[in-house]
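Starting from 1, each residue takes its place in the sequence as its number.
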Amino acid sequence: MPELPEVESLREFLVGHLVGQEIARVLPLTINVLKTYDPPLTAVEGAGVTAVNRYGKWLDIELAPASAPVSGLVPADAAQTGRAAGPGRLHLAVHLARAGWLRWQDEFPATPPRPGKGPLALRTVLAPGGGFDLTEAGTTKRLAVHLVRDVAEVPGIARLGADPLAEEFDRAAFAALLAGERRQIKGALRDQGLIAGIGNAYSDEILHAAKMSPFKPVQNLDDAEIGGLYDALRTTLEDAVERSRGVAAGRLKAEKKSGLRVHGRTGEPCPVCGDTIREVSFSDSSLQYCPTCQTGGKPLADRRLSRLLK
């Protein structure tokens, strides 16, 4: 699943390729990709792209319809984490879900694509030609597109918690978020209503950098551990964003995989200590960790029944 670093890199890529362009049309190509009906997709025809924002794992393409006033529009370098709304603006909000991706096209074939064929879910065509496709692999379709007048109308955005790359997200803010939590730290890091943008992969990476068990209860963390976890979180995410900066959209997945130390590397040696990376499997996901770095050398029991907390 694309997480905060990849979505931020896509945002930067789209700022350079979309802002200032005019939308010719948007074509939904699967039956359930578009989650809204008012305003209609025809409202974006002739609209100009004024900004591309990010909210956690969501992309927001901000549009000024052809009939809307142009005064007061957010410039291309507007803060990517502020929730923008203004007179006449529209927002094309995109969540790539687990298997979705954005593919930039310099030009499209003259023949329109056939709906329901292959992984293609939605096509956005620019007036000069070219644009981007949204694709989704597999049979489970969760990729979501909303066309709204205010991004707060998108339930998945409205419920988001703090952005971990925001300037105001300091150690004190992080500690305040964790106060009162009584669940395992892995689950807390992945909760989009608590901290926006961290998923399965980067939560594994953050916990490995912090030398912390994924099953440790949040209420058992002391001040030093919270501080170390905060530092690991910021460093892991900032390093991932920096590695991805300037990478073409089509190569971001490979870049993400190459930078992961433990996630997806079951059976490989830990790059820090050389111990074998292990896995805990769940019904629809798995986590990876290093026993030496994170659990005192002891393997975690499978699923949620482990009592190894340190």
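Across all non-hydrogen atoms, the minimal contact from Cys273 to Thr292 is SG-CB, 3.6 Å. Contact between Leu18 and Val49 at its shortest, heavy atoms only, is O-CB, 3.4 Å. Smallest separation of non-hydrogen atoms from Val218 and Ala188: CG2-CB, 4.0 Å. Closest non-hydrogen pair, Ala158 versus Ala152, comes out as CB-O, 3.5 Å. Taking each heavy atom of Arg265 and Arg261 in turn, the nearest pair found is CD-O, 3.4 Å. Residues Pro2 and Ala97 approach most closely at CD-O, 3.3 Å, considering heavy atoms.
The cluster map of Ile, Leu, Val, Met, Phe, Trp and Tyr, joined by side-chain heavy atoms under 4.5 Å apart, puts Trp101 and Ile61 in the same cluster. Hydrophobic clustering (ILVMFWY, side-chain heavy atoms < 4.5 Å, transitive): Val125 and Leu122 are in distinct clusters. Criterion: ILVMFWY side-chain heavy atoms under 4.5 Å apart, direct or through other members. Under it, Met212 and Val262 are not part of a common hydrophobic cluster. Hydrophobic cluster membership differs between Phe108 and Leu41, with clusters built from Ile, Leu, Val, Met, Phe, Trp and Tyr side chains linked at under 4.5 angstrom. Using a 4.5 Å cut-off between side-chain heavy atoms of Ile, Leu, Val, Met, Phe, Trp and Tyr, with links allowed through other members, Leu27 and Val145 fall into different hydrophobic clusters.
Rounded to the nearest 0.5 angstrom, Arg190 CZ and Ile198 CD1 are separated by 11.0 Å. Going from atom CD1 of Ile23 over to atom CG of Leu90 covers 11.0 Å, rounded to the nearest 0.5 Å. The CG atom of Leu92 lies 10.0 Å from the CG atom of Leu59; values are rounded to the nearest 0.5 Å. Residue Ile226 holds its CD1 atom at 6.0 Å from CG of Asp223, rounded to the nearest 0.5 Å. Distance check, rounded to the nearest 0.5 Å: OG of Ser285 to CG of Asn200 gives 5.0 Å. Note that the OG atom of Ser9 and the CZ atom of Arg245 stand 7.0 Å from one another [nearest 0.5 Å].
Contact check for Lys141 versus Val33: no side-chain heavy atoms found under the 4.5 Å cut-off. Residues Val52 and Phe13 form no side-chain contact, since every pair of their non-hydrogen atoms from C-beta on lies 4.5 Å or further apart. Side-chain atoms of Ser213 and Leu207, non-hydrogen and from C-beta on, never get closer than 4.5 Å to each other. In this structure the side chain of Leu143 never reaches within 4.5 angstrom of the side chain of His95, judged on heavy atoms. Between Arg183 and Leu194 there is a side-chain heavy-atom pair separated by less than 4.5 Å. Two residues are said to be in side-chain contact when any heavy atoms from C-beta on lie closer than 4.5 Å; Arg11 and Asp60 fail this criterion. Looking only at side-chain heavy atoms (C-beta outward), Arg234 and Thr236 stay at 4.5 Å or farther from each other. Side-chain contact check for His17 versus Trp104: some heavy-atom pair is nearer than 4.5 Å.
With respect to the salt-bridge test (charged N to carboxylate O, under 4.0 angstrom), the residues Arg103 and Asp133 do not qualify. One finds no salt bridge joining Arg89 and Asp150 here, because no Lys/Arg side-chain nitrogen approaches an Asp/Glu carboxylate oxygen to under 4.0 Å. With salt bridges taken as basic N to acidic carboxylate O contacts below 4.0 Å, none links Glu136 and Arg98. Contact check on Glu45 versus Arg25 returns no salt bridge, with no Lys/Arg side-chain nitrogen under 4.0 Å from an Asp/Glu carboxylate oxygen. Using a cut-off of 4.0 Å between Lys/Arg side-chain N and Asp/Glu carboxylate O, Asp204 and Lys186 are scored as salt-bridged.
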- Task: Apply the test side-chain contact (heavy atoms from CB on, under 4.5 Å) to residues His263 and Lys257: give CA-CA distance (whole Å), side-chain angles for both, the deciding distance (0.1 Å), then the verdict.
- Result: CA-CA 9 Å; His263 185 78; Lys257 291 180 181 178; over 6 Å; no
- Task: Begin with the C-alpha distance, continue with both residues' side-chain angles, and end with the deciding distance and a verdict on side-chain contact (heavy atoms from CB on, under 4.5 Å) for Leu63 and Thr50.
- Result: CA-CA 6 Å; Leu63 305 166; Thr50 61; over 6 Å; no
- Message: side chain to side chain donor-acceptor pair (under 3.5 Å) for Thr266 and Glu268? Distances and angles first, verdict last.
- Response: CA-CA 6 Å; Thr266 303; Glu268 297 181 22; over 6 Å; no
- Verdict with supporting geometry, Leu120 and Arg114, side-chain contact (heavy atoms from CB on, under 4.5 Å): CA-CA 9 Å; Leu120 189 56; Arg114 295 178 60 188; over 6 Å; no
- Task: Walk me through it: do Ser203 and Glu205 pass the test side chain to side chain donor-acceptor pair (under 3.5 Å)?
- Result: CA-CA 5 Å; Ser203 58; Glu205 297 298 300; over 6 Å; no
- Query: What's the verdict on side-chain contact (heavy atoms from CB on, under 4.5 Å) for Leu96 and Val94, showing C-alpha distance, side-chain angles and the deciding distance?
  - Reply: CA-CA 6 Å; Leu96 295 170; Val94 176; 4.0 Å; yes
- Start with the C-alpha gap between His91 and Glu62, add the side-chain angles, then the distance that decides, and say whether side chain to side chain donor-acceptor pair (under 3.5 Å) holds. CA-CA 5 Å; His91 298 263; Glu62 189 173 333; 4.5 Å; no
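Put simply, the side chain of Glu225 gets close to the backbone of Asp222: a donor and an acceptor are under 3.5 Å apart. Judged by distance alone, the side chain of Lys35 and the main-chain N or O of Asn32 form a donor-acceptor pair under 3.5 Å. A distance-only check finds no donor-acceptor pair linking the side chain of Glu8 to the backbone of Leu4 [under 3.5 Å]. Between the side chain of Ser258 and the main chain of Glu255, a donor-acceptor pair closer than 3.5 Å is present. Checked by atom type and distance alone, the side chain of Tyr202 never pairs as donor or acceptor with a backbone atom of Ala240 at under 3.5 Å. Side chain of Tyr230 to backbone of Phe169: a donor-acceptor contact under 3.5 angstrom is found. Listed for the Glu3 side chain is a donor-acceptor partner under 3.5 Å among the backbone atoms of Gly199.
Residues Ser286 and Gln288 bring a donor and an acceptor atom of their side chains to less than 3.5 Å of each other.
More than 12 heavy atoms of other shown residues, nucleotides or ligands fall within 6.0 angstrom of atom CZ in Arg123. Atom CG of Asp38 has more than 12 heavy atoms from other residues, nucleotides or ligands within 6.0 Å.
Taking the centre of each ring, His146 and Trp58 come in below the 6.0 Å mark.
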